[in-house]
Q: 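First the structure, which I've put down as structure tokens, then a few questions once you've had a look.
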Protein chains: 2
Amino acid sequence: MAEFTDLRGFDQSLPMALLRARESLMRRFRPMLASHELTEQQWRVIRALAGAELPLDVGEIADATFLLGPSLSRILANLESRKLVTREPDQRDQRRSSVALAPAGAELFAKVAPESEEIYRLVEKSFGDGRMTELLSLLNELEKS
Amino acid sequence: MAEFTDLRGFDQSLPMALLRARESLMRRFRPMLASHELTEQQWRVIRALAGAELPLDVGEIADATFLLGPSLSRILANLESRKLVTREPDQRDQRRSSVALAPAGAELFAKVAPESEEIYRLVEKSFGDGRMTELLSLLNELEKS
DNA sequence: AGGCATTACTTCACATGTTAGACAATTTTG
DNA sequence: CAAAATTGTCTAACATGTGAAGTAATGCCT
């Protein structure tokens, strides 16, 4: 079949390469996150909230974490039920809800963040600092191209 | 919070950069695939089968497409119900099932493959051939690092 | 041959991705 | 100011991701 279509093999397919690279990378983080009962996406939300000075509304979290509304809605419900975040209706615009880290969430963040950074450093060490920078740069350019 | 932990921002996070880059890329393919009633994953399976000379068993498809068993199991059930693929128990080892493209599947592949290649060429043109090669190379190295 | 671990695949349970639509609050417009 | 359009969020429905358990066929070992 390939002889008729010249479709590139999976090896040269950029979407597949991105998928495999990300999977290979996340495999190194997931066990640590799982040990804290966190999924990758839940951790992204907590990270975004921890990095913000003020409470964020749902749309701002969606932009920061690259999660879509429906996913985020379920994730926030989950985190709220575990008392890791709080949700309150915004006073100025009652369509918005204002989300912040609860004390338990901040505590969890303080435990997980250093472990995450440690893994990241190991990756940097084994992959190489320069290649890491180069890769980040190419990825950003692809996104904007 | 960031001042205590020095957690890198989402901008410098490699997992997020990979996610954003892939999403930005797939956004250009998905509408075309959707117009043929195909998801990205279903297309990966059909591509793998079309590229093979002989029928593949489920494990081989999983390796080729980077899909996990449970996902693949559901996807194959879907494609079989749409008569795009056929499944038969392997005669030598009855634990295996042998999957091949059905005629309708081959026909669909012949329609979709050129459209997919066309989009790929546009991406290559706008992102640049050299950077594409360099990116693929870095991604493969990351995967193996 | 009979027991036992292994293998290939499926099913289950739960979380997320994706699109479409619902809903209420807000803003725009005539 | 009231009708219409827009915005922010959520729900619904279906497909996939992930880990764990289930099932059946195979191979090994005595």
Side-chain angles (χ1 to χ4, degrees), chain A residues 15-16 19-20 22-27 29-31 33-46 55-82 84-85 87-99, chain B residues 15-16 19-20 22-27 29-31 33-46 55-82 84-85 87-99:
Chain A
M16 286 294 288
L19 197 57
R20 282 197 305 257
R22 183 160 204 283
E23 179 52 29
S24 148
L25 185 59
M26 291 315 298
R27 233 192 283 278
F29 287 92
R30 262 193 281 269
L33 292 175
S35 79
H36 293 286
E37 310 276 310
L38 285 175
T39 66
E40 186 193 326
Q41 291 82 356
Q42 291 164 356
W43 171 238
R44 292 217 299 271
V45 171
I46 288 177
L56 300 176
D57 64 43
V58 176
E60 289 172 325
I61 300 175
D63 291 342
T65 58
F66 214 62
L67 291 166
L68 294 183
S71 298
L72 190 49
S73 188
R74 285 172 302 209
I75 292 169
L76 288 175
N78 174 317
L79 295 179
E80 188 180 25
S81 78
R82 292 160 64 184
L84 297 173
V85 309
R87 274 197 287 192
E88 290 180 22
D90 184 313
Q91 285 315 314
R92 310 182 182 290
D93 182 344
Q94 310 240 332
R95 292 169 303 180
R96 290 174 147 81
S97 57
S98 198
V99 184
Chain B
M16 284 295 288
L19 196 58
R20 282 197 305 257
R22 181 160 205 282
E23 179 52 29
S24 147
L25 184 59
M26 291 315 299
R27 232 192 283 277
F29 287 92
R30 262 194 280 270
L33 292 175
S35 78
H36 293 286
E37 310 276 309
L38 286 174
T39 66
E40 186 192 327
Q41 291 83 355
Q42 291 165 356
W43 172 237
R44 292 218 298 272
V45 170
I46 289 177
L56 300 175
D57 63 42
V58 176
E60 290 172 324
I61 299 175
D63 290 342
T65 59
F66 212 64
L67 290 166
L68 295 183
S71 297
L72 190 48
S73 192
R74 285 173 301 207
I75 291 168
L76 288 174
N78 173 316
L79 295 179
E80 187 179 27
S81 79
R82 291 159 65 183
L84 297 173
V85 309
R87 273 197 287 192
E88 289 180 23
D90 185 313
Q91 285 315 314
R92 309 181 183 289
D93 182 346
Q94 309 239 333
R95 292 169 304 180
R96 290 175 148 81
S97 58
S98 199
V99 184

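Any value given below was found using the heavy atoms of this structure, including those in side chains, with hydrogens, waters and symmetry copies removed.
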Q: So, OP1 or OP2 of dT16(D): does either fall under 4.0 Å of a side-chain N or O from Thr39(B)?
A: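 It does, given that an N or O in the side chain of Thr39(B) lies less than 4.0 Å from OP1 or OP2 of dT16(D).
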
Q: Side chains of Leu67(A) and Ile61(A): does their closest heavy-atom pair fall under 4.5 Å?
A: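 No. Closest side-chain heavy atoms not under 4.5 Å.
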
Q: For dA8(C), does OP1 or OP2 lie under 4.0 Å from any side-chain N or O of Gln94(B)?
A: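 No, Gln94(B) has no side-chain N/O under 4.0 Å of OP1/OP2 on dA8(C).
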
Q: From dT16(C), dA15(D), dT9(D), pick the nucleotide closest to the side chain of Ser71(A)?
A: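 Closest nucleotide to the Ser71(A) side chain: dT16(C).
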
Q: Rounded off to whole Å, could you give me the CD-to-P distance for the Glu80(A) and dT9(D) pair?
A: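 The answer, rounded to whole Å, is 14 Å.
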
Q: Please tell me if Gln41(A) has a side-chain N or O lying less than 4.0 Å from either OP1 or OP2 of dG17(D).
A: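 Checking dG17(D) against Gln41(A), no side-chain N or O comes under 4.0 Å of OP1 or OP2.
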
Q: Looking only at N and O atoms, is any donor in the side chain of Arg95(B) or the base of dT26(D) less than 3.5 Å from an acceptor on the other one?
A: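 By the distance-only test, no, there is no pair.
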
Q: Whole Å only: how far is the CG atom of Leu38(A) from the P atom of dT16(C)?
A: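 Whole-Å distance recorded here is 10 Å.
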
Q: Between the side chains of Asp57(A) and Arg96(A), is the shortest nitrogen-to-carboxylate-oxygen separation below 4.0 Å, so that they form an ion pair?
A: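 So Arg96(A) pairs with Asp57(A) through a salt bridge.
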
Q: Which comes earlier along DNA chain D counting from the 5' end, the contact point of Ser73(A) or that of Arg92(B), where each point is its nearest nucleotide?
A: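 Final value for this comparison: Ser73(A).
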
Q: So what does Glu40(B) hit on the nucleic acid, given a heavy-atom distance under 4.0 Å: a base, only sugar-phosphate, or nothing?
A: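 Here Glu40(B) touches no strand at all.
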
Q: For Ile75(B) and dG17(C), what is the distance between atoms CD1 and P respectively, to the nearest whole Å?
A: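 Atom CD1 in Ile75(B) sits about 16 Å away from atom P in dG17(C).
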
Q: Round to the nearest Å and state the distance from Asp93(B) atom CG to dA25(D) atom C1'.
A: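 Between C1' of dA25(D) and CG of Asp93(B): 7 Å.
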
Q: Looking at every strand, decide which applies to Gly69(A) at a 4.0 Å heavy-atom threshold: base, sugar-phosphate, or nothing.
A: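 Nothing, no nucleic acid heavy atom in range.
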
Q: What nucleic acid atoms does Glu23(B) come within less than 4.0 Å of, heavy atoms only: base, sugar-phosphate, or nothing?
A: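 Sugar-phosphate, no base atom in range.
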
Q: Once you round it to whole Å, what is the distance between C1' of dA13(D) and CZ of Arg74(A)?
A: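 Atom-to-atom, Arg74(A) to dA13(D), this comes out as 10 Å.
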
Q: Only distances under 3.5 Å count here; give the side-chain donor-acceptor pairs of residues 33-40 of chain B to other protein atoms, sequence neighbours excluded, each with its distance to 0.1 Å.
A:
residue, atom, partner, partner atom, Å
Ser35(B), OG, Met32(B), O, 2.6
His36(B), NE2, Glu115(B), OE1, 3.4
His36(B), NE2, Glu115(B), OE2, 3.1
Thr39(B), OG1, Gln42(B), N, 3.1
Glu40(B), OE1, Arg30(B), NH1, 3.1
Glu40(B), OE2, Arg22(B), NH1, 2.9
Glu40(B), OE2, Arg22(B), NH2, 2.5
Glu40(B), OE2, Arg44(B), NH1, 3.4

Q: Arg44(A) has a side chain; which of dA15(D), dG17(C), dC9(C) sits nearest to it?
A: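 Nearest nucleotide to the side chain: dG17(C).
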
Q: Got a salt bridge between Arg92(A) and Asp90(A), using NZ or NE/NH1/NH2 to carboxylate O under 4.0 Å?
A: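 A salt bridge is absent here (no side-chain N lies under 4.0 Å from a carboxylate O).
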
Q: Using atom CG of Leu67(A) as one end and atom P of dA15(C) as the other, report the distance to the nearest whole Å.
A: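 Nearest whole value for this atom pair: 15 Å.
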
Q: Hey, mind stepping through Arg74(B) and Asn78(B) against side-chain hydrogen bond (donor to acceptor under 3.5 Å, both in side chains) and telling me if it holds?
A: CA-CA 6 Å; Arg74(B) 285 173 301 207; Asn78(B) 173 316; over 6 Å; no

Q: Using a heavy-atom cut-off of 4.0 Å across all strands, would you classify Arg87(B) as base, sugar-phosphate, or nothing?
A: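 Contact class for Arg87(B): sugar-phosphate only.
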
Q: Rounded to whole angstroms, how far apart are CZ on Arg30(B) and P on dT19(C)?
A: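 These atoms are roughly 6 Å apart.
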
Q: Please report, rounded to the nearest Å, how far the C1' atom of dT16(C) is from the CZ atom of Phe66(A).
A: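 So the two atoms are 14 Å apart, to the nearest Å.
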
Q: Measure from the side-chain heavy atoms of Ser97(B) and tell me the nearest of dT9(D), dG17(C), dC9(C).
A: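 Nearest listed nucleotide: dC9(C).
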
